[in-house]
Amino acid sequence: MFARLWIPAATGLGSALLFQVQPLVAKWFLPWFGGGASVWTACMLFFQVVLVGGYLYAHGLTLRLGRRGQAALHLGLLLVAVTGLAAAALSWPSPLTPGPSWRPGLEAPPLPSLLGLLALSTGVPFLTLATTGPLLQAWFVRLAPGRSPYPLYAVSNAGSLVGLLSYPLLVEPRLDVPAQAWLWTGGFAVYVLLVAATAVAQSRAGSLAPETVRPSSDASAPDSAGRGGSGPAWWIAYAATASLALLAVTNRLTLEVAPVPFLWVVPLAIYLVTFIACFGRSRRYRKNVWGLLLLGSAASTALALLHGSGLPLPLQIGTLLILLLSLCMVCHGELASSAPHPSRLTAFYLSISVGGALGGILAAVVAPALFQGLWELPIAAYLGVVLLLASYFREASPRFFGTPARRRATLAASALVFAVLGTGLGWTVFSERSGTILSSRNFYGWFVVDQVEVPNRPGEHYLRLVHGGIVHGAQLDVPHLRRLPTAYFGPNSGVGRAIRSAVKEGEDESRGIRVGVVGFGVGTLGAWARPQDTYRFYEINPDVIALSTGPRPVFTYLSDPGGKKEITLGDARLSMEREAAQNYDVLVLDAFSSDAIPVHLLTLEAFRLYRSHLAGPRSILAVHVSNDHLDLEPTVRALARATGFYGVTVWERAKGLALTSQWLVLSPSRERLRVPELSRSVEPWDGPERPVRVWTDAYSDVLGTFRLLGTRRTPSREGTTGR
């Protein structure tokens, strides 16, 4: 009974909980670390490393202890996990979500701090769940001798898939994060009961006798003597390449759209589907078919990367996901083909987990330290092709090569494939550097500074800050024009109108104004500063600040004469929570990572904080919502209503050095928005509005803001969008 019902049930439930807790806690910690895509990469690194620990524990447990010792030790681990969750529930908002007092300080290094919080909140429960697959399969062999345990691997991945997909589609839109954590804890309690009962049952069964496990002739019991490479080194290589591809694709998607659970889940779901397809009873892996698709998708990806973010969003996403699907099918198909006898299954799964963690380390630690761009994506694609061709050569019989001439022809053809594909993928790396003055990559993202010729003005250039293919600011490289505000911050932009109206507010225009800016960019708004004004910038990325500071800054808006200009390093919300009221006449919200927006800056708690820093009822909050992929206006409108703001929408079309922009200009005073600067050529918020649930720190639904087919509403389809 245990083998047929309880073990599959415990396996599926444990895997669902294992993969549902990942987006849950990542979403909780996302606003604590700037809301960038690297938060998810760091979380994945943590989970992959703990997964190795779980597999290592299962391997050592089944290798070193007898059946009663295994049951006793694992029951102890289950008890520790339950006790830890109960203790956390007494002092935190939920058993998995530490309270605000645990939020790290501004000076704390982000990666170690995040890993420490993950270990504190989910370490032991996740370690317990990580043991599920190999341990229960080993017990399955004892309780059901003669039956192959490998279909349970497909059950495990199916449970993981259910857990993943249910999060963005069912759980996230309906529950806030603490409620999600309580629901998860209830599921974990059921899991503990199932595993505890199984542990007791196997302790009373006979000893594991590997020789009694009959090799099966069906596809669910592959043999290492079959196709592809075999042995721990090959297992680790296949698993590491698939893991690297998973995180590389996720990084690219979240950089261009938004670092949100939905875009974390889709690539991970594809990753799991390939495991299910390759390890299930009905084998779906056909090397020739998937190998050909991998070659084609790698070439398509090279073209897509060369084209950049100008491609329509569906085409970008489709190209990347097809590459991930084909590469993971090849890697996981080869793993399934080389799976060993069940007596070695814990070593097999341990190797897979080590490879997965290695891929995570390459993506989260090595790549940001060594690479100036997102080069791990073309590297992963190339490694996938290398492993594919290597598996063909390993399987080939001596007769395959035949004569020396055929051997040379085969090697020459293979070398040609490597050269052509390597050139195509490598060219994306070199093309990113063409015209680039400098580039930087760290925990908070990746950017480049390049030089572009001014349209219709030969010999004149301007410098741009580009993050993920999106322009975040520009400055003319002409001495007498360097102080002109450009891009999204010109005189006719929403923020330009807001600042001009603030200068004219009242009878004395000589009075200085205070302006707060969330997101520094290249410091363009400093061009608006008059000698009597104060501009305070909040920026989380020190490398961005370095572009405008020092003895030889790349951008000079900050150092140019005019007003008092201050910079606060750190997440804007954390900084503003620690500050006294700043009494801003204008507060500007312009913090984006590529085309994505840190969700924690668009929550009810954030807007209440912004209002507390305004000078009075006639102050202005200007929110930059230009976005190619997300329609954020309904969300901001809902937040404005909830916090007592009135608003207008200000569009500016691309013209000259001005880029198409959409600003939402808010004020606690309706009359304040009726001044000439803010009442001409704007869209008042008078019509009916689409009902939207207000976002909070515990609830957000970015999936509901996606534009269909990448379209966007603009006053005109002419010109280009900078964001």
Side-chain angles (χ1 to χ4, degrees), residues 34 437-440 442 444-445 447-452 461-467 470-491 493-496 498-500 502-503 512-572 575-576 582 584-594 598 601 622-624 626 657-659 661 663 722-723:
I437 295 176
L438 60 86
S439 61
S440 175
N442 59 15
Y444 300 107
F447 67 78
V448 299
V449 176
D450 60 12
Q451 188 178 60
V452 181
H461 298 82
Y462 63 94
L463 301 176
R464 305 185 308 176
L465 175 64
V466 183
H467 187 183
I470 305 300
V471 177
H472 278 251
Q475 184 175 28
L476 284 162
D477 196 16
V478 181
H480 65 284
L481 299 176
R482 289 178 70 88
R483 297 190 63 187
L484 290 178
T486 61
Y488 322 100
F489 314 104
S493 66
V495 68
I499 292 175
R500 286 192 287 123
V503 169
I513 64 172
R514 287 184 60 82
V515 178
V517 184
V518 178
F520 183 72
V522 302
T524 311
L525 287 175
W528 287 98
R530 303 171 302 162
Q532 63 269 37
D533 297 335
T534 299
Y535 279 63
R536 185 178 182 87
F537 296 90
Y538 299 89
E539 175 57 52
I540 196 171
N541 192 339
D543 290 355
V544 169
I545 295 176
L547 297 174
S548 299
T549 56
R552 300 183 62 183
V554 177
F555 299 100
T556 62
Y557 287 120
L558 186 68
S559 58
D560 286 338
K564 181 181 179 182
K565 302 165 189 174
E566 306 168 343
I567 295 182
T568 298
L569 176 63
D571 178 76
S575 299
M576 295 174 75
Q582 294 297 305
Y584 292 123
D585 297 287
V586 179
L587 179 57
V588 182
L589 180 58
D590 181 48
F592 293 83
S593 298
S594 186
L601 298 179
V623 185
H624 194 187
S626 305
L657 292 179
L659 299 175
S661 65
W663 287 86
R723 287 190 183 279

Taking only residues two or more places apart in sequence, or in another chain, which ones meet Trp528 in a ring-ring contact (aromatic ring centres under 6.0 Å, His included)? none
By ring-ring contact (aromatic ring centres under 6.0 Å, His included), Tyr538 pairs with (sequence neighbours left out) none
The criterion is side chain to side chain contact (heavy atoms under 4.5 Å, CB included); which residues satisfy it with [X], sequence neighbours excluded?
X: Leu476; answer: Val454, Tyr462, Leu481, Leu484, Leu657
X: Ser493; answer: Val495, Glu652, Ser661, Trp663
X: Thr534; answer: Arg514, Lys564, Glu566
X: Val554; answer: Leu438, Val449, Leu463, Leu547

Measure the spacing between [atom1] of [X] and [atom2] of [Y] and express it to the nearest 0.5 Å.
X: Ser626; Y: Tyr488; atom1: OG; atom2: OH; answer: 7.0 Å
X: Ile545; Y: Leu569; atom1: CD1; atom2: CG; answer: 4.5 Å
X: Ile499; Y: Leu525; atom1: CD1; atom2: CG; answer: 5.0 Å
X: Tyr557; Y: Phe489; atom1: OH; atom2: CZ; answer: 9.5 Å
X: Leu659; Y: Thr486; atom1: CG; atom2: OG1; answer: 7.5 Å

Arg530/Val503 under side chain to side chain contact (heavy atoms under 4.5 Å, CB included): CA gap, chis, key distance, verdict: CA-CA 10 Å; Arg530 303 171 302 162; Val503 169; 3.4 Å; yes
So [Y] and [X], do their side chains get closer than 4.5 Å, heavy atoms only?
X: Leu558; Y: Phe520; result: yes
X: Asp450; Y: Val466; result: yes
X: Arg536; Y: Tyr584; result: yes

Can you give me the closest heavy-atom contact between [X] and [Y], atom names plus distance?
X: Val518; Y: Ala572; value: CG1-CB, 3.4 Å
X: Ser559; Y: Pro553; value: OG-CG, 4.0 Å
X: Thr568; Y: Ser575; value: CG2-OG, 3.6 Å
X: Pro561; Y: Arg483; value: O-NH2, 2.6 Å
X: Gly473; Y: Ala487; value: CA-CB, 4.4 Å
X: His461; Y: Val478; value: O-CG2, 4.3 Å

Of all pairs that satisfy salt bridge (charged side-chain N to carboxylate O under 4.0 Å, His left out), the ones with a partner from residues 551-562, not counting sequence neighbours: none
Partners meeting side chain to side chain donor-acceptor pair (under 3.5 Å) with Gln475 (sequence neighbours left out): Thr556
Output all residues satisfying salt bridge (Lys or Arg N to Asp or Glu O under 4.0 Å) with Asp477, sequence neighbours left out; order by chain, then residue number. Arg482
